[in-house]
Peer 1: 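Here it is, the structure in full.
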2 protein chains.
Amino acid sequence: MPHTSPDALWAAVEPEASRRMLVGAVDAFAERGYHATTTRDIAARAGLSPAALYVHYPSKAALLAQISSTGHEAALALVEAAVARGTDPVERLRLVVADFVAWHATHHRIARVVQYELGALPDDARAHSVALRRRIEGAVEATVADGVRAEVMTAPDPRRVARAVLSLGIDVARWYDPAGRDSPAALGALYADLAARMVGAAPEGGTQ
Amino acid sequence: MPHTSPDALWAAVEPEASRRMLVGAVDAFAERGYHATTTRDIAARAGLSPAALYVHYPSKAALLAQISSTGHEAALALVEAAVARGTDPVERLRLVVADFVAWHATHHRIARVVQYELGALPDDARAHSVALRRRIEGAVEATVADGVRAEVMTAPDPRRVARAVLSLGIDVARWYDPAGRDSPAALGALYADLAARMVGAAPEGGTQ
DNA sequence: GGGCCTTGACTAAGCGCTTGCTTACCTCCG
DNA sequence: CGGAGGTAAGCAAGCGCTTAGTCAAGGCCC
């Protein structure tokens, strides 16, 4: 899932013009931020007139809400799938971090909006996204707590360590540049090693 | 340095109204973002009329530029001071991370502007801040590279690992809430341990 | 010391422009 | 021919910033 095309999230959105609006909004919000983006800019990126936005969405904020909601749901689904795939806490943490980081690199534009435009959301939409975020944090925290209980990890405080591990992935959205020399998969592998080290788990790939 | 009052950075700014504008702008930019903040809002926080802003600053962007510049300079000074204080690479890394993280917690409003409003800066101001950022990254990268050379650290790629270590601190600015249960100093100590683990250095405080 | 001018800090009013969004209308396809 | 998709034109509100002016504090000359 983390290695699909950046726009694959919107493949099911119909009609096509409505999808183009979403893609254009993601690009614009990620580049300049929600408040600095005009509805005219979004419409122009979709190749339509300013008024066309309101044929498909009731407001600019509704566009942001849909992007944030879809993005958060995708991130949560990815984390829960990784947790389910792993057979022990250390492997689970490695899989979660590798996929979470790779997703934030591949979908860095969507991730930018997801991570940094929470405050621009209307109240109800923000509450929905915040709830999904808590489930993501909870899944990682539980993985670390399991590892400590099974004595395959050491962490003074699973909640705080889980938050630090997630910070690593979230911050990728801020700096990632697809023109740079980091592939999402390689970055995910490196960060999985770093996370394993953070919880005192033995090396696997190495990070030598 | 990282444990001073959040507003201590502006203590030297005169006259007083000019300083109140800066503090108000930091608060507003941190809460809502640069583009969502109006000049009327900043002036109101300083207890002055909208036009008073232009008595002290040529533009809204100039206010942002001063905040970004001062903030970046403080962060660089803090990193360089920590590097100078440490006597070996591992201690240096611990000191840098502890202070960098504590600073991002204590000054989370300034740090928010510094880290997330780079794109809103005019070109020349952005170039200045970007140059300071590179020196911060360079200092951490050199510390990790020194540690690997001295065989007291293991890291596959000092540049990427340094970036990950800094991500930990930068992301603190995003989520830190002074009403929460994390003191800047305790957070710095925890993250220093996590960073030491990331580079394969033996524990000190423990993180058990 | 009294009159006079300069200076720095500040404001009321408002200009020109851009914003999110609406209205009235058009077009094309099943 | 009805409804979905689209547009040209424009409205009200809010934006960054300017203008023209007030006012108190301080210097200065006779």
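Hydrogens, waters and symmetry mates play no part in the numbers below; they use all other heavy atoms, side chains included. Sequence lines set the chain letters: A, B, ... in the order given, protein chains first and strands last, and positions in each chain run from 1. Model, not experiment: these values are computed from the prediction.
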Peer 1: Tell me whether A/E31 is salt-bridged to A/R45, with the criterion being a basic N under 4.0 Å from an acidic carboxylate O.
Peer 2: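 Salt bridge present between A/E31 and A/R45.
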Peer 1: To the nearest angstrom, how far is A/Y54 atom OH from C/dA24 atom P?
Peer 2: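 In whole Å, C/dA24 P and A/Y54 OH are 18 Å from each other.
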Peer 1: When the distance from CZ of A/R20 to C1' of D/dG5 is rounded to whole Å, what number comes out?
Peer 2: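 Roughly 11 Å, once rounded to whole Å.
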Peer 1: Regarding B/E80 and B/R135, does a basic nitrogen lie under 4.0 Å from an acidic carboxylate oxygen?
Peer 2: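 Looking at B/E80 and B/R135, the cut-off is met.
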Peer 1: Between the side chain of B/S68 and the main-chain N/O of B/L64, is any donor-acceptor distance below 3.5 Å?
Peer 2: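 Not at all, since once roles are kept as given, no pair shorter than 3.5 Å links the two residues.
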Peer 1: Would you mind reading off the distance between B/I42 atom CD1 and D/dG16 atom P, rounded to a whole angstrom?
Peer 2: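 Distance, rounded to whole Å: 8 Å.
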Peer 1: Would you state whether a donor and an acceptor, one from the side chain of B/R40 and one from the base of D/dG14, lie under 3.5 Å apart?
Peer 2: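 No such pair is found, so the answer is no.
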Peer 1: I need the NE2-C1' distance between A/H56 and D/dG3, as an integer number of Å.
Peer 2: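 Atom-to-atom, A/H56 to D/dG3, this comes out as 14 Å.
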Peer 1: Just the rounded figure in Å: distance from C1' of D/dG5 to CG of A/L48.
Peer 2: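 Atom CG in A/L48 sits about 9 Å away from atom C1' in D/dG5.
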Peer 1: Can you check the A/H35 NE2 to D/dC15 C1' distance for me, whole Å?
Peer 2: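 After rounding, the reported distance stands at 14 Å.
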Peer 1: Using a strict cut-off of less than 4.0 Å between a Lys/Arg side-chain nitrogen and an Asp/Glu carboxylate oxygen, indicate whether B/D193 and B/R94 qualify as a salt bridge.
Peer 2: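 Yes.
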Peer 1: Return the set of residues passing side-chain contact (heavy atoms from CB on, under 4.5 Å) with B/V114 (not counting sequence neighbours), or none when no residue passes.
Peer 2: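 Only B/H72, B/I110, B/R133 meet the side-chain contact (heavy atoms from CB on, under 4.5 Å) criterion with B/V114.
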Peer 1: Between A/K60 (NZ) and D/dG14 (P), how many Å, whole number?
Peer 2: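 Nearest whole value for this atom pair: 15 Å.
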Peer 1: In whole Å, what is the span from the OH atom of A/Y57 to the C1' atom of C/dC21?
Peer 2: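 Distance check: A/Y57 OH to C/dC21 C1' gives 17 Å.
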Peer 1: Represent DNA chain D in dot-bracket notation, 5' to 3'. Only Watson-Crick or G-U wobble pairs with both distances under 3.5 Å count; pseudoknot-style crossings use [ ] and interstrand partners use |.
Peer 2: ||||||||||||||||||||||||||||||
Peer 1: For the side chain of B/A51, starting at C-beta, report the closest nucleotide among C/dA9, D/dA8, D/dT18.
Peer 2: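 Output: D/dT18.
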Peer 1: Quick one: is B/T39 getting a side-chain N or O under 4.0 Å of the D/dG16 phosphate, OP1 or OP2?
Peer 2: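 Checking B/T39 against D/dG16: at least one side-chain N or O falls below 4.0 Å of OP1 or OP2.
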Peer 1: Salt bridge or not for A/R32 and A/D41, using N-O below 4.0 Å?
Peer 2: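 Counted as a salt bridge, because a side-chain N and a carboxylate O are separated by less than 4.0 Å.
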Peer 1: Is there side-chain contact between B/R126 and B/P122, with heavy atoms separated by less than 4.5 Å?
Peer 2: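 No - every pair of side-chain heavy atoms lies 4.5 Å or more apart.
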Peer 1: Any base atoms under 4.0 Å from B/L53, or only sugar-phosphate, or nothing? Heavy atoms, all strands.
Peer 2: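 Answer is nothing: B/L53 stays at 4.0 Å or more from every strand.
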Peer 1: Report the nucleotide, chosen from C/dA9, D/dT7, C/dG20, that has the shortest atom-to-atom distance to any side-chain atom of A/T38.
Peer 2: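 Between C/dA9, D/dT7, C/dG20, the one nearest the side chain of A/T38 would be C/dG20.
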